[in-house]
Each structure stands twice: as C-alpha cells, then as structure tokens.
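Structure first, then comments.
A, B, ... follow the sequence lines: proteins, then strands. Residue 1 opens every chain. As the structure is a prediction and not an experimental result, all values here were calculated from the model.
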Amino acid sequence: MSPPPSRKTILTQVYQRLFAAYGPQRWWPAETPFEVMVGAILTQNTAWANVERAIARLKAADVLSPAALRRLPLENVASLIRPAGTFQAKARKLKALGELLGRYGDDLARLFNERPLSDIRRELLAVHGIGPETADAILLYAAGNPSFVVDAFTQRVLGRLGLIKEKARYEEVKTLFEARLPPDPALFNEYHALLVEHGKRTCRKREPRCRSCPLLDLCPTGQAALG
DNA sequence: GCCCAGGTGGGTA
DNA sequence: TACCCACATGGG
C-alpha cells in the first residue's frame, strides 16, 4: 500500500488536469492595471459580460481614471456602470477606489511598490468595497504579486475534492494554496482562472457534470454522485 | 418566471 | 462569531 497523496501533490495534479482540459484562460482581460482594479469591483457577484459593458461605457465617457472618477458626480458614475448591476453601491466603491489612489498621486507604482505585500493588502481591505477576494484579485492581476485569489468556485471545487471543509474561512483556503505552491504570480493567475472556468462548466452548484469532469478520479463526491 | 453571476457591507442575535 | 439581507442588471 502506498501512502495517500499529499494535499500538495493533489493541488499540483488538479492544476495540471484543469490546464489540460481547458487551456490557458488569459486573465485578467484589461488594458491597464487601473482597469483591472475597476473590473475587480464591478465583477462582484456579476457576470463578466456585464462588467465589459460597464467598462466600455466608462471608456466611451473618457472617465476610466482615478481622477475622473473622483471628479464625476456619484449619480453619473452610477448611470455609466448600470449594466454591471448593483450600480449605486458599486459607484460608491469606485469613488472610494479613486480616493485611495488620490492619496498616492494617482500613481499605482507608489501604492504597490516598496513595502510588504501584507501592508498593501491591509490598506486595500480598508477601502469601502474591497473585501478579501477583490483585494487579492488586485494584488495578483493588477500588481503581479503572488497573492492567491479564493472565490466561491474555489471553495466549492476544493470542498468536493475533500481538501477543505465546506465552510472553511477565506484565509484558510488562501493559505492552503500559498503554503503548497511556489509563489509564482503566473501560476496563481492561471490556477484561479482555471478554477472559475471549471466551476462554471463542470463543478456547478446544481447539476454538476461529474461525467465529463477532468478531476473525477480525484473526487470522492463525483464518484459517489455517479454511484 | 427562475436561477445565477469572477462579493461586500451592514445589521442582528 | 454566525447568519441574514440588500444591492440590481442581463443571460441561460
């Protein structure tokens, strides 16, 4: 009898299987780091297609910059981002983002560089509208830091694999990845995107498609579902 | 019509 | 701490 595979080994296998099944995801689609930050807020509980509409409207109005978002009245911001849903709430959040950057002279390099990752993360979390997932998405996809992003799909996929408890805390899941994978932003980037794609296509909340799941032989839940 | 989407903040027990 | 709920548009 060989010992059961470690969680580190399983995490590596999961990544390889997902990449083989779905290919590179090319996240985060954006022209600038600031656009990534805006997208990270707009995509909260929202389909990406609707975020793209909202961002296109901000660009068309030539207000996709921290200074312009600070200057523009709240109602105008809300009106422009309406397609992204929860637009009143998100308009407030974009204003708060603009204020944060204003404290750094609208210079993203000054916000992101030359201090510990944990300090930057704490400052992001203090901004209205930036929770743990949005903060990590900004750190990873806008700043290029090895900060693993955990979302509902990640929790679901790992829960079904039996690697975490269903109600595991955000930080616990984040640490699981960061402690067992090399701190490589490109890897974290692709891994998170692959987990989202996998969650949408196969490991869905209702009617999971276990029959076509690339992780089936690693997954007790899926094997049980197939009887 | 219903469910869901690349969550967060605020309130209550 | 642990749950609720509001926020709101658009696609399947």
Side-chain angles (χ1 to χ4, degrees), chain A residues 15 18-19 22-31 33-58 74-100 121-145 147-159 164-174 177 185 187-209:
Chain A
Y15 176 79
L18 295 181
F19 190 86
Y22 307 124
Q25 299 300 304
R26 309 184 194 293
W27 277 26
W28 188 289
E31 291 179 4
F34 181 68
E35 188 179 320
V36 173
M37 299 178 87
V38 170
I41 286 172
L42 293 180
T43 197
Q44 291 169 3
N45 202 35
T46 299
W48 184 253
N50 293 341
V51 175
E52 290 186 317
R53 288 191 188 94
I55 288 180
R57 288 160 61 95
L58 290 172
L74 183 68
E75 315 79 68
N76 300 46
V77 177
S79 171
L80 286 169
I81 64 171
R82 175 179 284 270
T86 57
F87 50 86
Q88 302 279 7
K90 285 174 181 171
R92 274 189 65 205
K93 296 175 182 182
L94 290 185
K95 284 288 203 182
L97 177 65
E99 295 299 330
L100 168 73
R121 188 169 191 269
R122 194 172 317 120
E123 181 154 13
L124 290 172
L125 288 174
V127 175
H128 175 83
I130 299 184
E133 183 178 341
T134 305
D136 288 327
I138 288 171
L139 288 171
L140 178 60
Y141 291 103
N145 289 120
S147 192
F148 205 92
V149 184
V150 176
D151 66 354
F153 291 115
T154 306
Q155 301 249 12
R156 188 188 311 156
V157 175
L158 264 64
I164 59 168
K165 286 175 283 190
E166 237 174 80
K167 300 201 171 182
R169 313 298 218 123
Y170 183 97
E171 303 294 338
E172 188 184 333
V173 184
K174 177 180 174 65
F177 282 95
L187 171 65
F188 286 14
N189 175 327
E190 195 65 52
Y191 207 151
H192 169 61
L194 284 167
L195 283 166
V196 173
E197 183 63 19
H198 177 65
K200 285 196 282 201
R201 287 165 58 157
T202 307
C203 199
R204 303 184 305 177
K205 194 184 292 184
R206 304 189 173 216
E207 306 167 45
R209 294 171 170 164

Mind checking who dC7(C) pairs with, Watson-Crick or G-U wobble, both distances under 3.5 Å?
dG7(B)
N45(A) vs R92(A), nearer the 5' end of DNA chain B by closest nucleotide
N45(A)
Polar pairs (N or O, both sides) under 3.5 Å between protein and nucleotides 1-6 of chain C?
unit_1	atom_1	unit_2	atom_2	d
dA2(C)	OP2	R169(A)	NH2	2.6

Examine the side chains of D151(A) and T154(A) and answer whether a donor and an acceptor come within less than 3.5 Å of each other.
yes
Once salt bridge (charged side-chain N to carboxylate O under 4.0 Å, His left out) is applied, do any residues pair with E31(A), and if so which ones, sequence neighbours excluded?
K59(A)
With sequence neighbours excluded, tell me which residues meet side chain to side chain contact (heavy atoms under 4.5 Å, CB included) with N145(A).
L117(A), L139(A), A143(A)
Tell me, which of residues 124-133 of chain A have any heavy atom that sits under 4.0 Å from an atom in DNA chain B?
V127(A), H128(A), G129(A), I130(A), G131(A), P132(A), E133(A)
Answer yes if the side chains of T134(A) and K93(A) hold a donor-acceptor pair under 3.5 Å, and no otherwise.
no
Would you indicate whether the side-chain heavy atoms of K174(A) and S147(A) approach each other to under 4.5 Å?
yes
Set out, in order, the CA-CA distance, both residues' side-chain angles and the distance that settles side chain to side chain contact (heavy atoms under 4.5 Å, CB included) for F188(A) and F177(A), then state yes or no.
CA-CA 9 Å; F188(A) 286 14; F177(A) 282 95; 5.8 Å; no
Below the 4.0 Å mark, does dG10(C) have OP1 or OP2 next to a side-chain nitrogen or oxygen of R53(A)?
no
Suppose you measure atom P in dC5(C) against the same atom in dG6(B); what distance do you get, rounded to whole Å?
23 Å
Given dG6(B), dG7(B), dC4(B), identify the nucleotide with an atom nearest to the side chain of W27(A).
dG6(B)
Has W48(A) got its ring stacked on dA5(B), by the test of a centre gap below 5.5 Å and a plane angle below 30°?
no
Test log, rule side chain to side chain contact (heavy atoms under 4.5 Å, CB included), inputs K90(A) and T46(A)
CA-CA 11 Å; K90(A) 285 174 181 171; T46(A) 299; 2.7 Å; yes
Give a yes/no on whether any side-chain N or O of K90(A) is located under 4.0 angstrom from OP1 or OP2 of dC7(C).
no
Is the count of non-hydrogen atoms from other residues, nucleotides or ligands lying under 6.0 Å from E166(A) atom CD greater than 12?
no
Remember a base hit wins even if backbone is also touched, and classify R156(A) as base, sugar-phosphate or nothing at under 4.0 Å, heavy atoms.
sugar-phosphate
For A54(A), what residues pass the side chain to side chain contact (heavy atoms under 4.5 Å, CB included) criterion, not counting sequence neighbours?
L42(A), I81(A), A84(A)
Expected list for residues 81-88 of chain A near DNA chain C, using heavy atoms below 4.0 Å, is R82(A), P83(A), G85(A), T86(A), F87(A), Q88(A)
Could you tell me whether R206(A) contacts a base, only the sugar-phosphate backbone, or nothing, with contacts defined as non-hydrogen atoms closer than 4.0 Å?
sugar-phosphate
dT8(B) versus dG10(C) - spacing of their P atoms, nearest Å:
23 Å
